[in-house]
Every structure is written in structure tokens, then in C-alpha cells.
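Before any comments, here is the structure.
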Amino acid sequence: MLTTILRMGLVLACALLPAMADAATPGVDEQSIRVATIQDLSGPIAILGAPIRDGIVMRLDEENERGGVHGRQLKIAVEDSGYDPKKAVLAARRLLAGGDVFAFLGNLGTPVVMATMPLIVGAGRPHLFPFSPHQATYLPLHPLKFQIFAPYRDYMNAAVRHLVAENGYGRVCLLYQDDDYGLEVGRGVEAGLRQLGTTLAERTGYKRGATDFSSQIARLRAAQCELVVLATVVRETVAAVREARKIGWGVDMLVTASGYSAQTHELGGEAVEGLYGVSVLPHPYAGKDTSRRLGEWIESYRTRYDADPNVWSAMGYQVADIFIQALRAAGPDLDTQGFVAALERLETSRDFLAGPGYRFSADDHLGNRRGRMARIVDGRWRLITDYLD
Amino acid sequence: MIQLAALAALFALAALFGGVANALAQAAFVATFALAGLGLVLIVGQSGQLSLGHGATMALGAYAQGVLVAAGIHGALALPVAALAGTLAGIVASIPGRRLGGLFFAMSTLALALVVEEGLLRLVPLTGGAAGLVVPPLAVVDWRLHSPAAQAAVSLGLLGGAVWMARRLRDSRLGRAWRAGRDDESAAAAVGIDLGHVRMLAFACGGALGGLAGGLYAHWLGFLSPEQFGLPLSFELLMLVFIGGVRSLSGALWGAVVIVSLPQAIAAIRQAVPWLEFGAAGLELTIFGLIVVALVMWRPAGLWQAAR
């Protein structure tokens, strides 16, 4: 019944799209296509926002240097929300009121995304690949909402099942951040364990920004956990693993893609050796085993920004790349309807960044559900599996 | 009159550079934050109590509104309940004031903000917890307030009513008691003022305005999550009243203009100047910080107080 209603809604929305296309497509003219992104460049997750922005801008500039898409230059307006949804709403309204934005690309942060998304799709603009784990970014199916980031609950489900099958853990526990992120990871881990006929042996939470994990680690140790799943971000990952090692507890730990960062081993050092992680896009390491194309990309990024790229830069770059592929597929007569139709047919292959390859359809606007296992060995992340189903 | 002319000029500027719809959206947020700030002016400026947890009253108002609307209660009917939730939060915040004073009492209000944020996170069946709560647009009878113009009209209308009531309170016997306690506790007690009681009333009134602002904020944003109502919001509100002028009712409005619209103005300038567009992450925050420092140094009594 629900599916029928969703399909009817989709058909209705698609029927309305030609009406939008009859008018001049906003943000598009003969010379250029203008897009916008709302990032956190000054708030609590600015450490992610700046490289995401740099990755997006770099890919758009590369395309412009090659002559643009069907002869149109790509321009982007970058707004800083500071992770404040009020600022983000005003920024989105300002951009929409100007009538000069074709689509929003890679907006960052759940409160920001959830507050601005209704305005954006309500104004008939595609809302593409936001950095938010919220299911509402792709469900219920909406013609203008697209997502590429695998949901925590899907890939953590697969990762936990894989590790339990490989290493035979009997007691799996969870340390989680007390927000939507921790909640999503918890659901995935529980679902995975349920498929294996077991449940979480222990779970304990912490508030974002916590630095002391002694009580949580003591509780998990008392529960005799054999694998601890960490729904943590970089700093908390390092603090939790260090605390365990400090008290002489060598338990295996698995962190989500939010802890899969070069900073984890840079900050954690010896203590985080052996830590398992999930990667939805590999960290772009420079080294002798790096492919020539990836090496050139890293060098180009360094030249532009005087900094090493990280996994967030790569994600930003990938977001812009998929957008460009869809623009190419939509053809020279660009309008929103044609772009959405092209995106719904798009199937990308793995590129030099070794992403999973993304595929959309008219019934599914989530381009990827998979992650792959990695482990810190000799001070850097090593991929140990392909993408897991 | 001067204030109205200045506000009209600022609105015209915002409309000129960002469009009328954007200027109206800013006006809706300015008025909403001015409502919350007005509540804090009553507490801090009039009764002389430092509240570090005023965001909690906004949080409870916002969630009361969101939960009631989700339960099918009409948005316009839910707003008084949102104000009531803020009132109760204000009364609870004032209780330690009967035993504690100064900084110790201020710390207890800080604790309230932390407890409320944590509570919103834990009450998952009611609040949605960390996953958040989607709030539909405010509806008055069958009129759904989607447009920035309608949102601005409601916010400004309620702010106007709140300012009128705050003026009545300020000029009443209660207002005089607040200021007497603020200026000299011993003298106020000597003339028979029950300081604990009058301060509780200040927190109740301030909380009601905070709750009402929260109720509106829930609709204007459309999505609530506990992290939006953490300590940074309380500090932002405190900064708002000190920037605008903590002892003036109009100070809340001017503080809200600075807090809400200044970052937007800086962002608009940054995009209009090509060499600033991609550089200097956090430029808005830096400029905003410099302006706040300048205000503290040269206009310590706040924008409006100084203008007078």
C-alpha cells in the first residue's frame, strides 16, 4: 500500500517536472551552470567541511579547464552554515531567492540538511548527495533527492557479520555517540547480530565532545566483550582505544567510516595498531604503491591547497564527479527533468579513488549501500576486503 | 520612531542585496530571537540574575510545539502550551536562586540547559531522541504559513505583543521590585520585597517568552534535534542581549538583528567580492568576533543603550 502511494507520488512529481522545465532552468544559461553547497567552515565539524569544499571545487575547476560540460562553465556558491540550521535556512533562502542555482551539492550536517532540504526540493532544485546519515535524504523516494553515502546501518551490519564470521567473536559490544549517528550505527550492528542469531552483549554511550572514556571502557571490559564496535569520530576513537590499551585490555575494536581517517593513526600512534575500520572510500595515501593517476591527483591537490588531501577531500571530489557525469549524460539541452532522468540511469564505474561505483534507478535514489573493511597496519589504513554485501 | 526608521532601512538593504523573500525570512528569525532575548532582558537586565541556560526554555517550547503538532494539535493552539513549557522551565531554573547567589546560581542555570538537552535525547518515544523531530509549517485555522512573509508577520506580531507586555511589566510595581533587587539586594529586602518570589516571576515571564520563541523556531526550521539546543544557543542568547543592550527592552531586537543578520550580510559581501569567495574559511566568524569585541570596548552598554 505504502509503495503504491510512494509510486503515485513519484509519478505525480515527475508529471510536474515538465512544467518546471518549461520555464528557463534556474542557474543554467548558455555559458554556465551554477550550483551551491552549504558547508560548515567555521563550526564544530569545519574539519570536514573545508576539505569537502576543496574537493568539490577542485573537480569543478578541472572540468572547467577542459572546457566545461557541453561548453558550460561550472560555478559554485559556497555558504558557511557554521553547523547552525538557522544560518543554513537563511543561506538557502537567499540562494533560492536569487533564482540562480541549478542544484545543491553535498550539503553538510544533519540539522542543516534536514532544515534546508524541504526548501530546496520545494523550490524544484535537486538536493544531491548530502553528508548526512539521515534516511530522509533518500527516503521516501522523491524525484529531486539523491544520496551516495552508504547508510551506517547497512554497511555496519555487513561489517559486523564479516568480522564475527572471520574471527568467531562470541560477545560483541557497542560504544556509541549519543546522537543520530550513534543510533544509526547501533541499529546496523544489532541487525547484523540478529542475522547471526545473537545480540549485543553490552552497550554504553557518551556525549559528543567527551574526552574521558574510562568508565565506558571499564564497563565494556567487565562485560567481557571480545569485539567492541565504536560509533565514534576520530578524536573519540583514539581516546577510547588508548584507554583500553592503557588498562592492558587488548580487545579487538571496529570503527565506522567516521573514524576511518588518517588522523586516527596519526593521533593514536602505536595504540591504534590493529584497529579495524570500515571505508566507504579509501584514504588517498601517497606512496610507492599509489597508482599514477592517484599520485597526480594528490600532487594537484597539494599544489592548489598547500595541504594533503584526506578522505573527505576525496568524497567532495567524488560528489562533484558524479554530478558532472550526470550533467554530461543529460545532454546540452539541460533542464531539471532531463538531469533527474539522466541521474536515474547513471551507473558509474570505479575510478582512481577506488570508490564502490554508484548506481541509481527510478525506484532507488541511494547510489551505494556498501563499505569495505580496513585495518591499521604499520601506521596506516590497509584495505583488507572488497566492498561487502 | 528612529528605531523603526533604522529597521526599515536595514530591511531595505537586506531586500536589495538578497531579495525580499530572504529579507522577510531574516525578519522572521530576528523577531523570533528577539522574543527569546526579550525574556532574557527581563531576567538579566531587569531582575539582575545571570541566566546561562535560557536556551533550555527555547528547547522545551520548541519540543512542546513539535510534539503537540505531531499529535494532531493545531499549531496555533499549541503555541500557548509552548510558552507554558518555557514558563515551567523558568520557574525550575529560579528555584536554586532562593539559596544560591551570584556565580553559583548562574552555574545552576547552566546545569538546567544540560539536563534539558540530555532529557530531550533520552525521551526517544516523545522527542525522537537523536534522530530528531520533523515539524510541519505552522497553521492558523486552514492557512499554512509556508511563506517568509507569513512567518515574518506572525513573529513580528507576537514580538510586538510581547514588547507591549514587557513594557507594562517594567513600569509596574513588579518591575520596580526587580530593579530594586538588582540595584541593592539589602535595601530591597529592607523595604519588604520578597526577592526570591519576584525573581521567580522574572524567570517565569522570561521563560514564557523563551518558550514562545522556541515554538515559532520549531516551525520556521521544520526540524528539531537536541544538539541545536545545547549550551552554544544559551550563550548566543546571552551575547544577543549584551550586544543589543541588556537593560533596554529594545536591546533584544537590536541584538537579534546583529546575531541573525550580520552573518548573512558578511556572507553576501563575501560572495559579491570574487577574491573572498573561496578563501578564508570562517571569515564570517572572524568578522563577527571583531565586531563583538569592538562593541564591548566602545559600546559596553549595548547598541541601543549607546545610541540613546
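Order of the sequence lines sets the chain letters (A, B, ...), proteins ahead of strands, with each chain counted from 1.
Of all the heavy atoms in Q264(B) and K87(A), the pair that sits closest is NE2-O, 3.5 Å. The nearest pair of heavy atoms linking A25(B) to R93(A) is CB-CD, 3.1 Å.
When the candidates A21(B), P226(B), P148(B), G222(B) are compared by the number of heavy-atom contacts under 4.5 Å with chain A, P148(B) comes out ahead. Most heavy-atom pairs under 4.5 Å with chain A, from the set A131(B), G19(B), P232(B): that is A131(B).
For the atom pair CG (D178(A)) and CD (E227(B)), the distance works out to 11.0 Å, reported to the nearest 0.5 Å. Atom CG of L114(B) is separated from atom NZ of K207(A) by 7.5 Å, given to the nearest 0.5 angstrom.
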- Message: With side-chain contact (heavy atoms from CB on, under 4.5 Å) as the criterion, how do E236(B) and D84(A) come out once you've worked through the C-alpha distance, each side chain's angles and the decisive distance to 0.1 Å?
- Response: CA-CA 11 Å; E236(B) 190 176 53; D84(A) 178 348; 4.1 Å; yes
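Interface residue L90(A): backbone and side-chain heavy atoms are both found under 4.5 Å from chain B. Contacts of P118(A) with chain B are absent, with no heavy-atom separation under 4.5 Å from either backbone or side chain. Looking at L121(B), the atoms closer than 4.5 Å to chain A (heavy atoms on both sides) all sit in the side chain, from C-beta outward. Only the side chain of L95(A) comes within contact range of chain B, with at least one heavy atom under 4.5 Å from a heavy atom of that chain. Heavy-atom distances place no part of D40(A) under 4.5 Å from chain B, backbone and side chain included. Looking at V134(B), only its side chain comes within 4.5 Å of chain A, counting heavy atoms on both sides.
Looking at heavy atoms from C-beta onward, V113(A) lies out of side-chain contact with F223(B) at the 4.5 angstrom threshold.
Not counting sequence neighbours, the partners of Y181(A) by the ring pair (Phe, Tyr, Trp, His ring centres under 6.0 Å) test are Y152(A).
Around NZ of K145(A), the count of heavy atoms belonging to other residues, nucleotides or ligands within 6.0 Å exceeds 12. Within 6.0 Å of atom CD1 in I47(A), 12 or fewer heavy atoms from other residues, nucleotides or ligands are found, so the atom counts as exposed in its surroundings.
A cation-pi contact links K86(A) to F33(B), judged by a cut-off of 6.0 Å to the six-membered ring centre and 45° from its axis.
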